[in-house]
Amino acid sequence: MTRLTNDDIRTISNRLADYDRELVSKTGMTLFGIACHVHGRDHETAVHQAASFSIQVIPNTSGLGIITDFCDTVSAILAYLGFNSEVSPASDVAGLAHAFKSGADAVMTADDHTFSGFNLATRVVTDNSRETGRVFAAVLDCMAERGIKGERVLVMGCGPVGEAGARQLIARGARIGLYDTDMKKAAGLKSRLDAAYDKPGLLVEDSLKTALVRYGYILEATPSAESVPDSWAGAAKAMAAPGVPLGLSGTGAQIMKDRLVHDKLELGVAAMAVGLLP
Ligand code: 2YG
């Protein structure tokens, strides 16, 4: 899983309204709306609940330590979505103690390996990798003219994000192919999905070049830059790209334009938060 740099996230807080408008034009839904879509939550009810739902974001100094703007950015996304959010005045264990003592409804915190949300009353836990994969799959469902059901989607990257996206796509009736530079990872994911869903009819694609001809949709969940050649971008239908860095070149992103959704925190945090509502 990619560790964000401060450069990745520095501008997010100031352009949330712009990004929301971009999402509406590309998917027909807002950041909050997509998060409700993936959780099957009623939008109005969730808006009402969020207004009185407090989430404390706790800095975590373990491992490689603090990413300067990480907690502020997560809190800004939550506040933009209408949650009652703040960055805890204390980090680590003291921050957790403060959240309980001050009656927070939930906390969010991340070390180098895991970024999770915890509802302190219901004990529900949401995980960033899982929610990110699911919510970007929901984005493809929103971008496809008549929904993603029956459409062919190539899932690139068979790690935790790709797996969560694949599961969500199968649940929404997409016909998926799996691709990973590590064929063992792709084969492992296929066997898990075959066991979990009877006859999902999914394929492992061993050659990206031939695969790209067959799939009009891509869920790009790899940590490599420019994993998708520009040549695909022209005829493509849509790409949802949770992978950091973006798996397209600048040119490819320009060609895709309104058929590409990519961000480094916003959609995953939104899905984590809505998933914590009671
Ligand atoms: O509290 C802090 O500032 C740091 N302990 C945060 C460290 C976060 C490390 N994790 C990542 O950068 C990403 N896995 C976060 C999620 C990326 C978006 N999918």
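In each ligand, atom 1 is the first atom listed, and ligand 1 is the first ligand listed.
Annotation: ring-ring contact (aromatic ring centres under 6.0 Å, His included) contacts of Phe70 (sequence neighbours excluded): Phe115.
Under the 4.5 Å side-chain heavy-atom criterion for Ile, Leu, Val, Met, Phe, Trp and Tyr, Leu267 and Val244 are members of the same hydrophobic cluster. Note: the hydrophobic cluster containing Tyr215 does not contain Ile176 (ILVMFWY, side chain heavy atoms under 4.5 Å, direct or indirect links). Hydrophobic cluster membership is shared by Val124 and Val269, with clusters built from Ile, Leu, Val, Met, Phe, Trp and Tyr side chains linked at under 4.5 angstrom.
Among Val57, Ile58, Leu276, the single residue meeting the side chain to side chain contact (heavy atoms under 4.5 Å, CB included) criterion with Val107 is Ile58.
Distances below 4.0 Å separate heavy atoms of Pro59 from the following atoms of ligand 1: 1 (O). Heavy-atom proximity to Lys264, at under 4.0 Å, picks out these atoms of ligand 1: 17 (C), 18 (C). Which parts of ligand 1 touch Gly65 is read off a 4.0 Å heavy-atom cut-off, strictly below it: atoms 4 (C), 5 (N).
Looking at Phe70 next to ligand 1, no N or O pair under 3.5 Å apart turns up. For Ile66, no nitrogen or oxygen atom sits less than 3.5 Å from a nitrogen or oxygen atom of ligand 1, counting backbone and side chain alike. In terms of polar-atom proximity, Asn60 is counted as a contact of ligand 1, with an N or O under 3.5 Å from an N or O of the ligand.
With hydrogens left out, the protein atom closest to atom 3 (O) of ligand 1 is Ile67 N, 3.0 Å, a heavy atom. For atom 16 (C) of ligand 1, the closest non-hydrogen atom on the protein side is Asn128 OD1, 3.4 Å. Looking only at protein heavy atoms, the nearest one to atom 14 (N) of ligand 1 is Met1 SD, 3.0 Å.
Not close to ligand 1: Ser62, with no non-hydrogen atom less than 4.0 angstrom away. The shortest separation from a heavy atom of Gly268 to ligand 1 is not under 4.0 Å, leaving the residue out of contact.
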Would you mind writing out the side-chain donor-acceptor pairs for residues 135-144 within the sub-3.5 Å range, not counting sequence neighbours?
residue: Asp141; atom: OD1; partner: Ile148; partner atom: N; Å: 2.8
residue: Asp141; atom: OD2; partner: His37; partner atom: NE2; Å: 3.0
residue: Asp141; atom: OD2; partner: Arg172; partner atom: NH1; Å: 3.3

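Side chains of Asp69 and Asn6: a donor-acceptor N/O pair is present below 3.5 angstrom, by distance only. Checked by atom type, the side-chain pair Tyr80/Asp20 shows a donor-acceptor distance below 3.5 Å.
Residue-level proximity to ligand 1 for Thr2 is carried by the backbone, the only part with a heavy atom below 4.0 angstrom.
Note on Arg175 versus Glu151: no salt bridge recorded, every NZ/NE/NH1/NH2 to OD/OE distance being 4.0 Å or above.
Residue nearest to atom 8 (C) of ligand 1, selected from Leu4, Asp72, Asp112, Asp111: Asp111 (by heavy-atom distance).
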